[in-house]
Peer 1: 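Take a look at this one; I'll ask things after.
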Amino acid sequence: MKPLASLSLDLDNQWSYMKTHGDRGWESFPTYLPLVIPRVLDFLAARDLTISFFVVGQDAALEPNRAPLRSLADAGHEIGNHSFHHQPWLHLYSEAEIEAELAHAEEVIEAATGRRPIGFRGPGFSLSAATLRVLARRGYRYDASTFPTFLGPLARAYYFMTARMSPEERRKRAALFGTLREGLRPNHPYRWAFDEGEMIEIPVTTLPLLRAPIHVSYLLYLSLFSRRLALWYFKLALQSCVLTGTQPSLLLHPLDFLGGDDTADLGFFPAMQVPGAVKVDFVCQVLDVQHARSANRAALSVRSAAGLGS
Ligand SMILES: [Zn+2]
């Protein structure tokens with residue numbers, strides 16, 4: 001059987017980055033979805049790729065985002081649930097609060113896209129046993145919230161370094177992007193079993209053994225030092241996936257397609273000084289590495305997360 005790869009994109013919006021970072025102004029929900037979604041759709045259509053988009057309920061509830069979100073479903077992409085409020089401290093919620101959060105998101109996502117999600121990714125990779133139970137009860141087929149890396153605390157330190165937050169805001173973000181223990185979780189898909197039912201877990205793949213991130217935003221950060229190094233690192237990661245029998249689940253973000261020339265308020269995010277067109281060109285090169293492997297014996301073909309889980 002051919003090893004499969006899946007591609008997903010977490011549709012984090014401008015306001016959710018500002019909110020996690022503790023920046024004022026997020027409360028009016030500034031959006032770049034009408035700009036970035038057509039750009040990403042063109043990119044995927046040119047490569048004949050169908051992927052999974054994890055959509056935030058709050059965005060689906062707002063008029064300017066509805067048509068762009070609908071266009072994702074119309075183009076045949078899978079629509080997943082990425083929570084309603086995009087609070088990376090979702091694991092601090094009670095089970096009843098999680099249930100309400102997910103139900104609210106499902107309702108508005110279905111209203112905007114015509115699709116009811118069967119997959120979930122926690123905001124900021126937030127994960128809890130209560131969330132998994134709620135997902136199983138609500139009939140989800142998979143969760144994709146785990147990110148088995150040792151570098152979560154480093155990413156959190158980076159966010160804290162550049163943010164202005166109250167002690168209360170910092171307390172909520174104490175587990176942002178996870179602890180060192182995340183690095184010990186499995187790196188390939190597996191099953192959760194609960195009284196409420198079974199579900200598949202599809203981790204965001206990290207470099208086998210070393211467990212360093214390989215998602216495109218991280219590669220973009222590496223490319224600030226050397227594009228060749230970043231692409232070499234990604235090739236090494238895919239080869240390691242083939243050798244270890246890991247079907248990679250590769251992660252994209254809107255900011256992989258948007259530069260400082262597209263949005264002015266996210267200067268704190270790594271690689272935002274790079275123009276949008278240069279970023280898109282880099283993502284092309286990354287997916288070409290992926291594609292080049294398909295020509296080899298150890299072929300990787302890209303599917304949506306739901307396809308990988310089935
Ligand atoms: Zn997110």
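Whatever order the structure lists ligands and atoms in, that order sets their numbers, starting from 1. In what follows, residues are counted from 1 in the order of the sequence shown. Please read all numbers here as calculations on a predicted model, not as lab measurements.
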Peer 1: Looking at the Zn ion (ligand 1), is there an N, O or S atom belonging to H86 that lies under 2.8 Å away from it?
Peer 2: yes
Peer 1: What do you get for the angle at the Zn ion (ligand 1) between NE2 on H82 and OD1 on D12, to the nearest 10 degrees?
Peer 2: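 Seen from the Zn ion (ligand 1), NE2 and OD1 are separated by roughly 90°.
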Peer 1: So, for F120 and H82, is the gap between ring centers shorter than 6.0 Å?
Peer 2: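 When the ring centroids of F120 and H82 are compared, they turn out to be at least 6.0 Å apart.
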Peer 1: Counting backbone and side-chain atoms alike, does D10 have an N/O/S atom under 2.8 Å from the Zn ion (ligand 1)?
Peer 2: no
Peer 1: Scan side-chain atoms only and decide if Y17 and D265 contain a donor-acceptor pair under the 3.5 Å cut-off.
Peer 2: no
Peer 1: Under the salt bridge (charged side-chain N to carboxylate O under 4.0 Å, His left out) rule, what pairs show up with a residue in residues 63-75, not counting sequence neighbours?
Peer 2: E63-R66, R70-D74
Peer 1: Between W26 and H21, is the side chain to side chain contact (heavy atoms under 4.5 Å, CB included) condition met? List the steps.
Peer 2: CA-CA 10 Å; W26 69 265; H21 195 242; over 6 Å; no
